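Structure record follows, encoded as structure tokens.
If you read the sequence from its start, that first residue is 1, and numbering goes on from there. Every value quoted in this text rests on a predicted model; they were computed, and no experiment measured them.
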Amino acid sequence: MVSTTEKPDEATLNSIRQRLMETGDWDRIQKSLRNQLEENGWVDDLKDLAKEKARAQETPNLEGLIKEISETARGMISDNTRRDVVQEIEAVLDREVDQA
């Protein structure tokens, strides 16, 4: 199992991401994440937040809106969803290490 106490460097993350893409696991995990976010209401909640913040802007600015809501959006993801995605990634990494 992968240690969660140390953060991997950027090169390691890129290697993992590349391998996930090569095996098709990246798309599968993204689809699973998207489904969970939709089922949990995160997508609708984020849309509502974005509309509220956009209406409050004097001059519409997409880049500013994204910067403004990004941190809040990440914080709105449930712990269960985060855990599920991490477990899926760890399972793939474990499988890849076992095959090596």
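When all heavy atoms of Glu88 and Ser32 are compared, the pair lying nearest together is OE2-OG, 3.0 Å. The heavy-atom pair separating Ile69 from Lys53 by the smallest distance is CG2-CG, 3.8 Å. Contact record, Met76 with Asp45: CE-CB, 3.6 Å, taken as the closest heavy-atom pair.
The distance from atom NZ of Lys47 to atom CG of Leu49, rounded to the nearest 0.5 Å, is 13.5 Å. With rounding to the nearest 0.5 angstrom, the CD atom of Glu38 is 10.0 Å from the CG atom of Leu33. To the nearest 0.5 Å, atoms CG (Leu65) and CD (Gln57) are separated by 5.0 Å. Considering CD1 of Ile29 and CD1 of Ile89, their distance stands at 5.0 Å, rounded to 0.5 Å.
If you chain together hydrophobic residues whose side chains sit under 4.5 Å apart, Val85 and Val43 fall into the same group. Hydrophobic clustering (ILVMFWY, side-chain heavy atoms < 4.5 Å, transitive): Met21 and Leu93 are in one cluster.
Taking Asp44 as the reference, nothing meets the side-chain hydrogen bond (donor to acceptor under 3.5 Å, both in side chains) condition, with sequence neighbours excluded. Take Arg19 and apply the side-chain hydrogen bond (donor to acceptor under 3.5 Å, both in side chains) test, not counting sequence neighbours, and it matches Glu22, Glu96. Evaluation of the side-chain hydrogen bond (donor to acceptor under 3.5 Å, both in side chains) rule for Thr23 yields Asp25 as partners, not counting sequence neighbours.
Val86 is not listed as a side-chain neighbour of Arg83, based on a closest heavy-atom distance of 4.5 Å or more. Taking 4.5 Å as the limit, some side-chain heavy atom of Asn35 sits within range of a side-chain heavy atom of Lys31.
Remark: Glu63 engages Lys67 in a salt bridge, criterion side-chain N to carboxylate O under 4.0 Å.
When atom types are taken as modelled, the side chain of Trp42 and the backbone of Ala73 share a donor-acceptor pair closer than 3.5 angstrom.
Between the side chains of Asn40 and Thr81, at least one donor-acceptor pair of N or O atoms lies under 3.5 Å.
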